[in-house]
Amino acid sequence: TLFQETLGRYTAPDETPHKEAFYFYIPSLAAFAPWALFLPGMIGSLLARRKARALSRPHLLVIAASLTTFLLFSSVGSKREYYLLPIYPFLAILTAKYWDEYLTMRQGAARRWAWKGIEIPVVAFAGLLSVLGIGLPIAARAMLPQYLAVSAIFGALLLGCAALLLQAWRQRQGGRQFAVLTGATVLLYLFALLTIIPEMNRYRSRKDFLRQAAQIAGTQAVIDYKY
């Protein structure tokens, strides 16, 4: 089993489960949302700093760890989204460094592209928050009315975050942009925990099935077959 789960994934890729293409993990980086929106700008910033030889050794170490992890898991035939979890701490460090540069540098013509790498995703995320703020109550009323009150509250909060984010963007207040972006991300995850995940668990969990089977069986013995 140990060999199959390690070297066997390379030596016998056709026999491994969940076989996917090499580029499978590229769209899977969306799980790093919303910070994945800043990856293109961050990559451009790294390339520019590499040409200028302005990358420190710790920075290079994190970059090497990110690339090595991504290429290593991409080269394995068996792929699942959660296999890529080890790369997220490295991406978080690189994204934080990119934001730190954005918050400290001056808006000059030489670095205007770096500002756009932050500001365009910020405006896009504000637009997404506006759409979600309006759409969540409407969708809940149509499909999941039991979550209408929760959706209305979170919808109003997301609309407020969108307004604050756009205001901070217009005033070029990077710290406020980051704070509002982080707060909106927390709200989205809380909404998912309260509404989306419980509904998903209804279909993925066997608790309801086993409860119904126990009610039907009563005091009779139940045999569980492995399949």
Side-chain angles (χ1 to χ4, degrees), residues 17-18 20 24-39 78-89 91-92 95-96 99 120-170 175-227:
H18 314 299
E20 301 290 346
F24 174 80
Y25 286 126
I26 295 179
S28 298
L29 290 174
F32 191 55
W35 312 110
L37 296 173
F38 305 101
L39 291 181
S78 178
K79 298 180 178 67
R80 300 291 283 178
E81 289 83 357
Y82 54 83
Y83 291 174
L84 204 61
L85 288 176
I87 199 177
Y88 291 152
L91 293 181
T95 306
W99 265 92
I120 292 176
V122 164
V123 174
F125 190 67
L128 177 62
L129 292 177
S130 301
V131 173
L132 290 175
I134 298 173
L136 286 180
I138 298 175
R141 183 177 182 180
M143 295 181 291
L144 298 171
Q146 67 270 28
Y147 296 118
L148 179 58
V150 176
S151 299
I153 294 173
F154 275 88
L157 292 174
L158 292 178
L159 284 175
C161 288
L164 291 174
L165 190 58
L166 288 175
Q167 182 184 29
W169 166 72
R170 293 187 64 179
R176 284 184 59 191
Q177 292 180 47
F178 184 81
V180 175
L181 187 69
T182 303
T185 303
V186 173
L187 288 175
L188 289 173
Y189 279 105
L190 287 176
F191 178 78
L193 287 174
L194 293 174
T195 59
I196 299 175
I197 293 180
E199 292 301 315
M200 292 176 60
N201 287 338
R202 293 177 181 270
Y203 300 95
R204 300 185 63 179
S205 175
R206 295 188 294 175
K207 290 182 179 180
D208 291 338
F209 169 77
L210 294 176
R211 189 180 298 111
Q212 295 176 11
Q215 291 176 355
I216 295 174
T219 59
Q220 302 296 321
V222 178
I223 301 175
D224 184 14
Y225 290 96
K226 294 183 179 180
Y227 57 91

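None of these values were measured; they are calculated from a predicted model. Keep in mind that the numbers below use all heavy atoms, side chains included, and drop hydrogens, waters and symmetry copies. For the single chain, residues carry numbers from 1 onward in sequence order.
- Note: Met143 CE to Ile138 CD1 = 10.5 Å, rounded to the nearest 0.5 Å.
- The minimum heavy-atom distance linking Tyr189 with Ala33 is given by the pair OH-O, 3.3 Å.
- Taking every heavy atom of both residues into account, Ser130 and Ala162 meet most closely at OG-CB, 3.3 Å.
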Check your understanding: Can Phe32 and Thr95 be said to form a side chain to side chain contact (heavy atoms under 4.5 Å, CB included), step by step?
Key -> CA-CA 11 Å; Phe32 191 55; Thr95 306; 3.7 Å; yes
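- Taking every heavy atom of both residues into account, Pro86 and Pro89 meet most closely at O-CD, 3.3 Å.
- Taking every heavy atom of both residues into account, Pro198 and Leu193 meet most closely at CD-O, 3.3 Å.
- Residues Tyr147 and Leu136 form no side-chain contact, since every pair of their non-hydrogen atoms from C-beta on lies 4.5 Å or further apart.
- Contact record, Gln177 with Leu165: O-CD1, 3.5 Å, taken as the closest heavy-atom pair.
- Ring orientation note: the planes of Trp99 and Trp35 are nearly perpendicular, at an angle over 60° on the 30°/60° scale.
- Considering only heavy atoms from C-beta on, Leu91 comes within 4.5 Å of Leu29 through its side chain.
- A pairwise comparison of heavy atoms in Phe125 and Ala184 identifies CE2-CB, 4.0 Å as the closest pair.
- With respect to Phe154, the side chain to side chain contact (heavy atoms under 4.5 Å, CB included) criterion is satisfied by exactly one of Leu190, Leu159, Leu188: Leu190.
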